[in-house]
Amino acid sequence: MGAGHAHPLYLPGVSPVHRLPAEVKVVAALLLAICVVATPREAFSVFAGHLVVLAVIWTAARIPPLWILRRSVIELPFVVLAVLLPITGPPPTIDWLGFALSEPGLLGAWNILVKGTLGVLISLTLAATTPLPDLLLGLQRLRAPALVVTIATLMLRYVDLIVAEARRMRLARLARGHDPRFLWQTGATARGVGALFLRTYERGERVHLAMLSRGFTGAMPRTVDDAPTRRQWAAGLTPVAAAVLLAAAGWNLA
Amino acid sequence: MTVPRADVPVGSAPAAPTPPSLDVAGLTFAYPDGHKALRGIDLRVEPGERVALLGPNGAGKTTLVLHLNGILRGGAGRVTVAGLDVAPAHLREIRRRVGIVFQDPDDQLFMPTVAEDVAFGPANFGVTGPALRERVAAALAAVGMDAHRDRSPLHLSGGQRRRVALATVLACRPEILVLDEPSSNLDPVARRELAEVLLALRDRGLQDRGLGTSMLMVTHDLPYALQLCPRSVILDDGVAVADGPTRELLADPALLARHRLELPFGFHLS
């Protein structure tokens with residue numbers, strides 16, 4: 001479904017994880033993230049356990065770990081903040097290679113790093129196994145605010161169209177010898193953006209008229225109605241059960 | 001439903017006169033800036049009739065189309081669809097009865113997949129479950145797009161998009177099909193394929209009900225009007241200036257020239 005809506009975070013496949021209904025995966029991902037966050041930061045080995053749960057899912061979904069790791073660099077800007085904590089944190093301090101590192105700061109940094117990384121890995125796993133349109137459909141079935149889902153659906157449908165329009169306008173400018181190299185030469189580009197905004201706005205109006213003509217009253221009708229089975233829910237929530245046990249074990253350890 | 005009695009031959013009962021699919025009487029409309037787009041239009045389309053609405057750019061064609069399902073209102077005059085007034089009280093039923101295929105299929109197709117888009121209309125009109133699936137399948141089959149039901153409209157060719165846009169409206173089972181410039185931006189093959197789909201709709205309607213689908217086709221593609229619509233109405237500056245058999249209107253070069261219409265190079269009708 002949704003062929004052609006390839007986005008860089010989606011890895012096409014036919015694994016059991018790919019075939020699970022989107023809403024099951026959305027719920028499972030959310031609960032997994034909550035389990036990770038609920039694990040006390042001192043329970044170091046438990047985080048390794050969470051990683052094992054994810055690794056099992058990757059194996060089932062046939063996602064190469066490197067494929068996921070490459071995409072998790074999105075986390076890097078947040079890691080920078082975590083690196084500062086041990087330096088700026090309060091005493092007591094530990095001496096490490098001549099640096100005085102704050103102990104609570106180190107723990108705080110570890111907390112951000114490990115929970116953030118696991119959270120990113122969980123989201124990437126969801127994105128890798130669920131095409132965007134299915135994700136939106138899943139959100140709709142989970143009764144996410146209809147307006148938000150509708151806006152996201154329309155954005156998904158029209159973003160490529162707008163990009164293509166912008167590209168055509170740029171080509172037409174270049175074809176007439178426009179070659180902006182300095183800031184003060186970007187006037188034409190800026191006016192192009194303005195024109196693009198107007199065109200997009202007008203298209204929005206036309207799309208709305210066309211929707212009204214087919215009886216749109218403000219709420220998206222449900223056009224797909226096959227709900228997930230108990231078995232699918234059970235399969236999707238198995239890793240969550242493992243994560244709950246891990247988090248509970250973490251509280252016992254700490 | 002009543003079963004006909006054996007002693008009364010089927011079809012001999014005095015049928016109530018069928019109201020016209022579309023009846024526009026004395027319709028006027030001015031845009032807020034004062035520009036008069038429609039200056040008293042009368043137009044009647046009988047059930048099963050196919051009419052081309054011809055006219056130069058700016059003649060008021062699209063404005064008229066937007067009045068047919070109540071998107072634009074406010075001027076004088078009256079529009080009825082199969083006997084039902086276009087009024088706020090029953091806009092929903094009016095919009096089911098009037099199936100508008102817009103000029104740019106990208107304006108019409110907004111859902112992630114073809115099948116969901118075709119389901120959008122009938123789902124709005126309360127069709128659900130197996131009946132909805134059946135509607136979608138039938139509409140896609142009617143335009144020859146059943147193999148593409150799970151694709152994104154974005155990845156279809158222009159001709160395929162146009163046919164899917166037609167399917168989204170057919171799935172609502174309209175009383176009258178309104179096509180706004182159906183042949184614009186189509187290559188010759190896609191243009192012919194669309195014509196074949198539209199002619200097949202007529203033929204199937206004739207088989208099932210003895211009536212084809214009523215159709216109002218807004219265009220300035222005159223050969224297309226000739227191929228698909230036996231009757232044409234010429235609209236210019238907000239009034240209907242001519243109404244008659246398409247072939248006769250198109251064979252009158254003086255009439256066409258007066259209203260900024262002309263046949264493509266090399267075409268002659270006698």
Side-chain angles (χ1 to χ4, degrees), chain A residues 1-7 10 12 22 130-141 146 149-165 168 199-227, chain B residues 62 65-66 68-72 91-130 132-133 135-136 148-156 165 168-172 174 178 180:
Chain A
M1 186 170 166
H5 271 291
H7 58 96
Y10 177 64
T130 321
L132 265 177
D134 288 16
L135 207 56
L136 292 171
L137 196 68
L139 286 174
Q140 188 188 345
R141 288 192 197 147
V149 177
T150 308
I151 291 173
T153 309
L154 288 173
M155 236 167 71
L156 178 67
R157 165 70 179 90
Y158 286 103
V159 73
D160 292 336
L161 216 63
I162 294 167
V163 169
E165 206 151 86
R168 282 198 304 273
R199 284 193 195 190
T200 311
Y201 183 81
E202 282 174 352
R203 179 178 299 278
E205 291 221 311
R206 292 200 305 273
V207 171
H208 186 230
L209 285 188
M211 288 169 78
L212 287 180
S213 295
R214 283 194 284 156
F216 181 66
T217 50
M220 292 297 277
R222 286 167 74 93
T223 50
V224 191
D225 49 9
D226 36 345
Chain B
T62 302
V65 165
L66 292 178
L68 302 184
N69 69 354
I71 282 184
L72 287 181
L91 266 191
R92 198 168 121 108
E93 174 58 17
I94 287 291
R95 287 182 181 164
R96 189 197 63 73
R97 290 186 185 189
V98 181
I100 301 184
V101 181
F102 285 82
Q103 188 173 354
D104 184 350
D106 279 326
D107 293 343
Q108 188 137 13
L109 307 176
F110 69 99
M111 294 288 269
T113 68
V114 164
E116 285 173 84
D117 218 306
V118 176
F120 176 77
N124 277 327
F125 298 122
V127 184
T128 53
L132 182 61
R133 278 196 287 278
R135 285 273 189 112
V136 172
H148 302 277
R149 51 173 294 130
D150 289 330
R151 291 182 70 193
S152 158
L154 200 66
H155 297 266
L156 301 177
T168 66
V169 165
L170 290 179
C172 305
V178 180
D180 194 357

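All of these numbers come straight from a predicted model, not from anything done at the bench. The analysis underlying the following values was restricted to heavy atoms, covering all of them including side chains, and did not include hydrogens, waters or symmetry mates. In what follows, chains carry the letters A, B, and so on, assigned in the order in which the sequence lines appear, proteins first and then strands, with residues in each chain numbered from 1.
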Would you give the length of the straight line joining atom OG of Ser152(B) to atom CG of Leu156(A), rounded to the nearest 0.5 angstrom?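 Those atoms lie 8.0 Å apart.
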
Run the side-chain contact (heavy atoms from CB on, under 4.5 Å) test against Val65(B) and tell me which residues pass, sequence neighbours left out.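 For Val65(B), the residues satisfying side-chain contact (heavy atoms from CB on, under 4.5 Å) (neighbours in sequence not counted) are Ile100(B), Val178(B), Val218(B).
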
Tell me whether Asp107(B) contacts the main-chain N or O of Val207(A) through its side chain, where contact means a donor paired with an acceptor under 3.5 Å.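 No; zero donor-acceptor contacts below 3.5 Å.
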
Decide side chain to side chain contact (heavy atoms under 4.5 Å, CB included) for Gln103(B) and Arg206(A); before the verdict, give the C-alpha distance in whole Å, the side-chain angles of both, and the deciding distance to 0.1 Å. CA-CA 10 Å; Gln103(B) 188 173 354; Arg206(A) 292 200 305 273; over 6 Å; no

Apply salt bridge (Lys or Arg N to Asp or Glu O under 4.0 Å) to Arg199(A) and list each qualifying residue two or more places apart in sequence or on a separate chain.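 Expected list: none.
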
Out of Leu68(B), Asp104(B), Val169(B), Leu109(B), which one racks up the most heavy-atom pairs below 4.5 Å with chain A?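 When all of Leu68(B), Asp104(B), Val169(B), Leu109(B) are compared, Leu109(B) has the most.
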
Counting heavy-atom pairs closer than 4.5 Å to chain B, which one of Leu154(A), Leu209(A), Thr217(A), Thr153(A) comes out on top?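 Most heavy-atom pairs under 4.5 Å with chain B: Leu209(A).
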
Ala164(A), Ala210(A), Gly204(A): which one forms the most heavy-atom pairs within less than 4.5 Å of chain B?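 So the answer, after comparing Ala164(A), Ala210(A), Gly204(A), is Ala210(A).
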
Decide side chain to side chain contact (heavy atoms under 4.5 Å, CB included) for Phe110(B) and Met211(A); before the verdict, give the C-alpha distance in whole Å, the side-chain angles of both, and the deciding distance to 0.1 Å. CA-CA 9 Å; Phe110(B) 69 99; Met211(A) 288 169 78; 3.6 Å; yes

Would you mind checking if Arg157(A) and Asp117(B) are paired as a salt bridge, meaning a charged N to carboxylate O distance below 4.0 Å?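 No salt bridge links Asp117(B) with Arg157(A).
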
Checking Asp106(B) against Arg203(A) for the side chain to side chain contact (heavy atoms under 4.5 Å, CB included) test, could you report, in this order, the C-alpha distance in whole Å, the side-chain angles of both residues, the deciding distance, and whether it holds? CA-CA 9 Å; Asp106(B) 279 326; Arg203(A) 179 178 299 278; 3.5 Å; yes

With a 4.5 angstrom heavy-atom cut-off, could you sort out which part of Tyr158(A) is near chain B: side chain, backbone, both or neither?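 The side chain, not the backbone.
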
For a quick test of reading the model, state the closest non-hydrogen atom pair linking Arg95(B) to Leu212(A) and the distance between them.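 Closest pair (atom of Arg95(B), atom of Leu212(A), distance): CD-O, 3.1 Å.
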
